[in-house]
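For reference, the structure is listed below as structure tokens.
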Amino acid sequence: MDADAVLAGKHAIVTGAGRGIGRACALAIARAGANVAIASRSRPDLEQLAAEIEKIGVRALVTPCDVTDREQVERMAKEALDAFGALDILVNNAGAAKSQPFLNHPDEIWDEMIAANMTSVYYVTKAIAPAMVKRGRGRIINIASTAAHVGARYVAAYTASKHGVLGFTRALALELVAHGITVNAVCPGYVDTPLTQIAIDNIAKVTGRSQAEARAALAHKSPQNRLITAGEVADVVVFLARDASFGINGQAINIDGGAVQT
Ligand code: NDP
């Protein structure tokens with residue numbers, strides 16, 4: 001546990017915690033002293049992570065869940081609340097990304113992106129916010145994307161879903177403010193995770209470039225010419241989750257080396 005343990009005594013839940021950004025968030029929150037409920041569809045990923053979290057000296061609750069399924073979400077929220085008695089921090093991170101030129105766009109990709117990235121945030125927040133309201137405090141942190149601010153070719157559905165998450169964040173921030181709850185979004189550019197590796201594989205396959213060239217092409221989208229690390233995103237999540245960040249509400253914090261300045 002970190003010496004300053006800014007989240008000591010708190011209880012958190014992180015969706016999509018099995019790998020990538022969610023995994024880094026769960027570990028960073030645990031190092032900051034909070035117990036963490038971890039959710040994603042794959043139980044083995046969660047069990048491995050739970051063992052790492054418990055070594056830090058806090059509790060981990062493995063609660064497998066498909067966040068696009070409302071019944072599973074309600075069960076996950078109940079399990080976490082029963083285990084911890086309260087939830088102070090919700091990180092809505094689970095998500096997926098698929099790309100396809102719009103004129104060739106199967107409806108399934110639209111439905112999948114909206115369900116995985118946007119409706120899931122609604123379901124999970126709906127299941128957990130009432131317990132925060134009852135206690136008069138909470139931190140809801142939505143992992144959106146720079147795609148919540150700007151468009152790009154071939155990702156219409158993903159972009160629409162992330163714009164939706166940011167709109168939801170801003171509206172809810174004002175509605176829940178009276179209950180001591182803040183709602184913020186974190187908007188990373190390309191992060192070095194398994195999701196981005198799939199994008200790199202696709203670029204390499206479609207363009208004939210090497211893996212290194214495809215990775216460099218994504219890195220080049222940042223003025224810092226690099227991919228963001230999952231740990232950098234997790235650090236901002238912990239910052240927003242602190243009691244001392246109460247004044248930060250309804251914001252979208254970009255972590256992209258300066259590519260998007262809005
Ligand atoms: P990864 O694919 O590396 O990890 C995603 C995690 O979410 C996995 O643990 C996965 O586990 C879980 N997950 C996916 N779908 C569901 C679902 N329906 N229900 C429950 N869990 C699910 O992704 P990243 O870590 O890269 O991305 C995490 C978030 O950050 C996403 O919302 C993404 O849009 C956003 N983001 C990512 C960026 C990037 O460059 N990587 C940039 C900007 C934003 P399982 O499959 O076992 O369910």
Side-chain angles (χ1 to χ4, degrees), residues 13-28 36-50 62-77 91-99 111-124 127 141-150 152 155 157-166 168-169 185-203 214-215 217-219 221-222 226-234 236-237 252-257 259-260:
I13 183 162
V14 180
T15 69
R19 48 179 195 266
I21 294 170
R23 188 174 204 283
C25 288
L27 285 167
V36 198
I38 46 178
S40 69
R41 292 165 298 187
S42 158
R43 181 180 275 278
D45 284 352
L46 297 178
E47 282 178 349
Q48 198 198 29
L49 174 61
V62 169
T63 173
C65 169
D66 180 341
V67 292
T68 66
D69 180 322
R70 187 167 218 154
E71 272 180 29
Q72 290 189 37
V73 167
E74 281 167 6
R75 183 193 33 75
M76 169 190 77
V91 183
N92 278 310
N93 162 78
K98 284 197 175 158
S99 59
D111 294 341
E112 193 187 331
M113 291 299 98
I114 298 297
N117 297 330
M118 190 170 80
T119 310
S120 64
V121 175
Y122 170 73
Y123 285 166
V124 177
I141 300 157
N142 299 326
I143 308 300
S145 163
T146 48
H149 292 295
V150 293
V155 283
Y158 182 78
T159 305
S161 70
K162 292 296 186 179
H163 273 62
V165 169
L166 183 50
F168 178 72
T169 301
V186 174
C187 299
Y190 281 100
V191 184
D192 197 355
T193 69
L195 185 78
T196 296
Q197 185 56 48
I198 292 170
I200 290 169
D201 292 344
N202 283 340
I203 293 170
R215 175 173 279 267
L218 293 188
K221 292 184 187 289
S222 162
R226 69 181 183 98
L227 300 182
I228 298 296
T229 68
E232 289 176 88
V233 180
V236 174
V237 166
I253 302 188
N254 297 344
I255 312 174
D256 69 344
V260 173

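The analysis underlying the following values was restricted to heavy atoms, covering all of them including side chains, and did not include hydrogens, waters or symmetry mates. Ligands are counted one by one from 1 in listed order, and the atoms in each one are counted from 1 as well.
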For [atom], the option (of [options]) bearing the nearest heavy atom:
atom: atom 1 (P) of ligand 1; options: Val121, Asn117, Leu195, Val14; answer: Leu195
atom: atom 42 (C) of ligand 1; options: Gly22, Ser145, Gly189, Ala26; answer: Gly189
atom: atom 28 (C) of ligand 1; options: Ile255, Asn93, Asn92, Leu218; answer: Asn93
atom: atom 37 (C) of ligand 1; options: Asp256, Thr15, Asp192, Ile21; answer: Ile21

[atom]: nearest protein contact (heavy atom, Å):
atom: atom 7 (O) of ligand 1; value: Gly16 CA, 3.2 Å
atom: atom 5 (C) of ligand 1; value: Gly95 O, 4.1 Å
atom: atom 43 (C) of ligand 1; value: Pro188 O, 3.3 Å
atom: atom 19 (N) of ligand 1; value: Val67 N, 2.9 Å
atom: atom 40 (O) of ligand 1; value: Val191 N, 2.8 Å
atom: atom 36 (N) of ligand 1; value: Tyr158 OH, 3.7 Å
atom: atom 26 (O) of ligand 1; value: Thr193 OG1, 2.5 Å
atom: atom 15 (N) of ligand 1; value: Arg41 NH2, 3.2 Å

Under 4.0 Å, heavy-atom basis, I'd like to know which part of [X] is in contact with ligand 1: side chain, backbone, both or neither.
X: Ala144; result: backbone
X: Lys162; result: side chain
X: Ala39; result: neither

- [ ] Applying side chain to side chain contact (heavy atoms under 4.5 Å, CB included), run through Val233 and Val186 and close with a yes or a no.
- [x] CA-CA 8 Å; Val233 180; Val186 174; 3.9 Å; yes

Task: Ala96 N/O under 3.5 Å from ligand 1 N/O - done: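 Min N/O separation from ligand 1 is not below 3.5 Å for Ala96.
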
Task: Residues Asn142, Thr169; criterion side-chain hydrogen bond (donor to acceptor under 3.5 Å, both in side chains); working and verdict - done: CA-CA 7 Å; Asn142 299 326; Thr169 301; 3.0 Å; yes

- [ ] Determine the sole option in Asp69, Val67, Val73 for which the side-chain contact (heavy atoms from CB on, under 4.5 Å) test with Tyr123 is passed.
- [x]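 Going through the options one by one, the only one that passes is Val73.
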
Using a 4.0 Å cutoff against the non-hydrogen atoms of [X], which atoms of ligand 1 qualify?
X: Tyr190; result: 40 (O)
X: Asp66; result: 17 (C), 18 (N), 19 (N)
X: Pro194; result: 3 (O)
X: Gly18; result: 9 (O)
X: Thr196; result: 39 (C), 40 (O), 41 (N)
X: Cys65; result: 19 (N), 20 (C)
X: Ser42; result: 47 (O)
X: Ala94; result: 7 (O), 21 (N), 22 (C), 32 (O)

Value rounded to 0.5 Å, distance of [atom1] in [X] from [atom2] in [Y]:
X: Ile228; Y: Thr196; atom1: CD1; atom2: OG1; result: 10.5 Å
X: Leu218; Y: Tyr190; atom1: CG; atom2: OH; result: 5.0 Å
X: Ser145; Y: Ile255; atom1: OG; atom2: CD1; result: 11.0 Å
X: Thr15; Y: Arg41; atom1: OG1; atom2: CZ; result: 11.0 Å
X: Ile198; Y: Ser99; atom1: CD1; atom2: OG; result: 11.0 Å

Open item on the list: Assess the residue pair Lys162 and Met113 against the criterion (side chain to side chain contact (heavy atoms under 4.5 Å, CB included)); give the C-alpha distance rounded to whole Å, side-chain angles, the decisive distance to 0.1 Å, and a yes or no.
Closed with: CA-CA 9 Å; Lys162 292 296 186 179; Met113 291 299 98; over 6 Å; no

TODO: Kindly say whether Ala96 contributes a backbone atom to a donor-acceptor pair with the side chain of Asn117 at under 3.5 angstrom?
DONE: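 The answer is yes, because a donor-acceptor pair under 3.5 Å joins these two groups.
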
Open item on the list: Check whether Ser161 reaches the backbone of Tyr158 with its side chain - one donor and one acceptor, N or O, closer than 3.5 Å.
Closed with: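 Yes.
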
TODO: May I ask you to say whether Glu71 pairs ionically with Arg75, meaning some side-chain N is under 4.0 Å from a carboxylate O?
DONE: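 Answer for the salt bridge query: no.
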
Open item on the list: If the threshold is 4.0 Å, N to carboxylate O, is there a salt bridge linking Asp256 and Lys221?
Closed with: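 Salt bridge flag = no for Lys221 with Asp256.
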
Open item on the list: Could you walk me through whether Asp192 and Arg226 satisfy the salt bridge (charged side-chain N to carboxylate O under 4.0 Å, His left out) test, starting with their C-alpha distance in whole Å, then the side-chain angles of each, then the deciding distance to 0.1 Å, before giving a yes or no?
Closed with: CA-CA 9 Å; Asp192 197 355; Arg226 69 181 183 98; over 6 Å; no

